[in-house]
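Here the structure is laid out as structure tokens; the discussion comes afterwards.
Just so you know, residue 1 is the first one in the sequence shown, and it goes up from there. The structure presented is a predicted model; accordingly, all values stated were derived computationally and were not measured.
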Amino acid sequence: MNINSVCIVGGGSAGWMTAAYLSKHCPFLKITLIESDKTPIVGVGESTTMRFKAYVKAMEIKDEEFMPACDATYKTSIQFTNFRRKEGDPSFQYPFGWQDFSGMQHRDLKNNIWFLIKSLEIQDLKPHTYAEWYNPHVLLIKQNKFTVDNDQNIWGDAGVEGSTAYHFNTWKFGNWLKDKFCKKVEHKLGDVEGMITGDNNTIDHLKTTAGDIHADLYIDCTGFKSALINKFSKYVSFEQKLWVDRCIPARITYKDKDKELTTVTDNFGMPNGWVYNIPNWNSIGSGYVYSSKFTDSETALKEFKDHLQHDKGIDLDRVEFGKEINLRVGRHEQSWSGNVVSLGLAFGFIEPLESNGLETVINNLQALSQTLHMRQGYVSEKFINIYNKKCNFFFDNFSDFINLHYYLSERTDTEFWKKVTNTDFSHMSFGDELGEAFNEHAFRSINAIPNGTQYISAGMNVNPVDGEIYKASLKWQIDTDLKDLKEIIEYKEKQILDFNSYISQLSDSPYKYLKKTIYKNTHEKLVLDETYNQL
């Protein structure tokens, strides 16, 4: 298949991110994008991870360019509140950046030292302290401070650049990309009325209200409608292993911006799901992601309002609730079938936890760009199969990782939590050592948990290390090891004290830092964003 022209169907963040990326990295392509001016844009959250940072870097975008245009703020961690237990535990963090191994450079398996110390009961380490040990910049979150200064090494070897993602308005980002990178993209406003199919399971051309469109490759970015790919690839529902399927979105005006604008996406465990809290520049994006199998819309809205009032102390007159969104959880068997590729919600969706919607868009888009660029648009069936395997592997693994946040919880206070915490692990298909971390044979191994998952495991008080087995297997050197581990504890305790003292002297909150740097030439809005109705 020779691909010289591409038609992207659907705008929004997925459509314009695709148009911009292919314009930059596959300049040999003729690109057309058609979008309807009638279809509302779906957006459950506006929170990103470091994969989005990779997209920004690949596009050579500077913070001071796009952030003011998209209401963006910095994000340094994902925070989990009431996920392990209904109440009583401090929130735990899943931070960005590289782990800090200072004080334990001479040790093997450094990211599991905390687990070993806890298992050996040398120190009563609370679940939330894992992140403080390995990513000391989370201490900034506790005091709601921000700095780019790394003289004290609080950001570790990654620095602030390698430890920050963003909260932002995806709809505005799509429009900004359109204006910045897509001047050569043929932009059409219209609706697809039908598709004329050709040989070998392909589209010959599209019939649209803007005229017929011919292309070598058609990219479906039509959201949950999956207007093109539905005809070419079977949809596989994940509803038997992904339990949340509804979202009630909301937009909250700031009352005390200096306090409420933080660098974390807070995920708050609820009776039948969880609530996200995303501090953008002009307002806070929030939403109750819940399971319709365990409650109804009216009850869910009541739970959401009670949470905002009692858990967050937010007056409801500051809140505008949006239209409830039905989340179609699952994916198509193939992202690429014939000459149709599906990206974003058109391919599949897990749920908003861990910002995986944009994760999937970027993963699949980068794989598509690589496949097209490799031989200047020539793609064989073999490489289409490789592309599909990459997309499915990423999606399925991420789905299992998301489920881990529920499986490892100790909550049993509602029927929802009883169900999601009592699910069989055996169907998981992590494909790497992550799966081995939770089978009964590897569960007691010193090196069972890989990078990333340890934050969730530690926060849920799940320890894969068995201290007794460790002592028995290394009994000839256990005295030396215990002395060594105690020295690491002393080092980390002093390090945390020193960092807290340093942070207390910082003057900038995240809001103040952004105001002085990114937003120094802008005026703040005092009203809800007019694009909210498109959420």
Test ring pair (Phe, Tyr, Trp, His ring centres under 6.0 Å) on Y166 and F66 and set out the steps.
CA-CA 11 Å; Y166 310 93; F66 93 93; 5.0 Å; yes
Under 4.0 Å between a Lys/Arg side-chain N and an Asp/Glu carboxylate O for D413 and K418?
no
Examine distances only and state if a side-chain atom of N135 and a backbone atom of P95 form a donor-acceptor pair shorter than 3.5 Å.
no
Once the angle between the rings of F52 and F168 is folded into 0 to 90°, is it parallel (under 30°), tilted (30 to 60°) or perpendicular (over 60°)?
tilted
Evaluate the salt bridge (charged side-chain N to carboxylate O under 4.0 Å, His left out) criterion for residues R251 and E46: first the C-alpha distance (whole Å), next the side-chain angles of each, then the deciding distance (0.1 Å), finally the verdict.
CA-CA 12 Å; R251 188 73 67 192; E46 304 106 338; 2.9 Å; yes
Which label fits Y455 and Y130: parallel for a plane angle under 30°, tilted from 30 to 60°, or perpendicular past 60°?
perpendicular
Is it the case that more than 12 heavy atoms not belonging to K293 sit under 6.0 Å from its NZ atom?
yes
Would you please classify the geometry between the F294 ring and the F416 ring as parallel, tilted or perpendicular, with 30° and 60° separating the classes?
perpendicular
Minimal heavy-atom distance between G459 and P127, with the atoms involved, is O-CB, 3.6 Å
Can K172 and D71 be counted as an ion pair, charged N to O under 4.0 angstrom?
yes
Assess whether side-chain hydrogen bond (donor to acceptor under 3.5 Å, both in side chains) is satisfied between E333 and S233, documenting all intermediate values.
CA-CA 6 Å; E333 286 186 344; S233 179; 5.4 Å; no
Within the 4.5 Å heavy-atom criterion, are L125 and W114 side-chain neighbours or not?
yes
Taking every heavy atom of A131 against every heavy atom of Q93, the minimum-distance pair comes out as CB-O, 3.9 Å
Is the terminal nitrogen or CZ of K305 (NZ for Lys, CZ for Arg) located under 6.0 angstrom from the six-membered ring centre of F321 and within 45° of that ring's axis?
yes
Dump the intermediate steps for side-chain hydrogen bond (donor to acceptor under 3.5 Å, both in side chains) on D63 and Y74, then the final yes or no.
CA-CA 10 Å; D63 288 358; Y74 287 121; 2.7 Å; yes
Determine whether the aromatic ring centres of H307 and Y288 lie less than 6.0 Å apart.
no
Would you say L408 and S457 make side-chain contact, with heavy atoms under 4.5 Å?
yes
Taking the side chain as every heavy atom from C-beta outward, state whether F398 and E354 have any atom pair closer than 4.5 Å.
yes
Is there a donor-acceptor pair under 3.5 Å between the side chain of S335 and the backbone N or O of V341?
no
Could you tell me whether D296 and R246 make a salt bridge, using a distance below 4.0 angstrom between a side-chain N and a carboxylate O?
no
When every non-hydrogen atom of F96 is compared with those of T48, the smallest separation belongs to CZ-O, 3.7 Å
Electrostatic pair K86:E410 at N-O distance under 4.0 angstrom
no
Between T73 and P279, is there a donor-acceptor pair closer than 3.5 Å when you use the side chain of the first and the backbone of the second?
yes
Regarding K312 and D306, does a basic nitrogen lie under 4.0 Å from an acidic carboxylate oxygen?
no
So which heavy atom on S297 is nearest to which on I248, and how close?
O-CD1, 4.2 Å
What is the minimum heavy-atom distance between W274 and L353, and which atoms define it?
CZ2-N, 3.3 Å
Salt bridge check, D220 against K225: does any charged N sit closer than 4.0 Å to a carboxylate O?
no
Does T164 use its side chain to pair, donor to acceptor, with the backbone of T76 at less than 3.5 Å?
no
Take R328 and D245, measure what side chain to side chain contact (heavy atoms under 4.5 Å, CB included) needs, and give me the verdict at the end.
CA-CA 7 Å; R328 186 182 66 161; D245 58 357; over 6 Å; no
Under 3.5 Å, is there a donor-acceptor pair between the side chain of T360 and the main chain of N356?
yes
Exam field: side chain Y235 to backbone G330, donor-acceptor pair closer than 3.5 Å
yes
For the side chain of K145 and the backbone of D508, is there at least one donor-acceptor N/O pair under 3.5 Å apart?
no
Ring centers of W16, F173 separated by less than 6.0 Å:
no
Closest non-hydrogen atom pair between L358 and S47, with its separation
CD1-O, 4.3 Å
Presence of salt bridge, R318 and E260, under 4.0 angstrom
yes
Under 4.5 Å between any side-chain heavy atoms of T265 and K75, yes or no?
yes
For the pair T222 (side chain) and S226 (backbone), establish whether a donor and an acceptor sit closer than 3.5 Å, ignoring hydrogens and angles.
yes
I want to check something: taking the side chain as every heavy atom from C-beta on, are L140 and I154 in contact at a cut-off of under 4.5 Å?
yes
Apply ring pair (Phe, Tyr, Trp, His ring centres under 6.0 Å) to F83 and H405, showing your working.
CA-CA 8 Å; F83 257 73; H405 297 65; 7.0 Å; no
What do you reckon, is CG of N153 surrounded by more than 12 foreign heavy atoms closer than 6.0 Å?
yes
Please check: side-chain N/O of T421 versus main-chain N/O of W417, any donor-acceptor pairing under 3.5 Å?
yes
Test log, rule side-chain hydrogen bond (donor to acceptor under 3.5 Å, both in side chains), inputs N267 and T81
CA-CA 6 Å; N267 302 319; T81 307; over 6 Å; no
Regarding K241 and the six-membered ring of F238, is the cationic atom NZ or CZ under 6.0 Å from the ring centre and inside 45° of its axis?
yes
With a 6.0 Å cut-off on ring centres, are F347 and F395 close enough?
yes
Give the ring-plane orientation class for Y387 versus W336, where under 30° counts as parallel, over 60° as perpendicular and anything between as tilted.
perpendicular
Any ion pair linking K142 and E132 (charged N to carboxylate O, less than 4.0 Å)?
yes
Any side-chain heavy atom of K234 within less than 4.5 Å of one from Q334?
no
Stepwise side-chain hydrogen bond (donor to acceptor under 3.5 Å, both in side chains) test for Q495 and D100
CA-CA 11 Å; Q495 182 188 49; D100 172 27; 3.0 Å; yes
Any donor-acceptor pair under 3.5 Å from S119 side chain to F115 backbone:
no
Evaluate the side-chain proximity of Y254 to N282: yes if any heavy-atom separation is below 4.5 Å, no if none is.
no
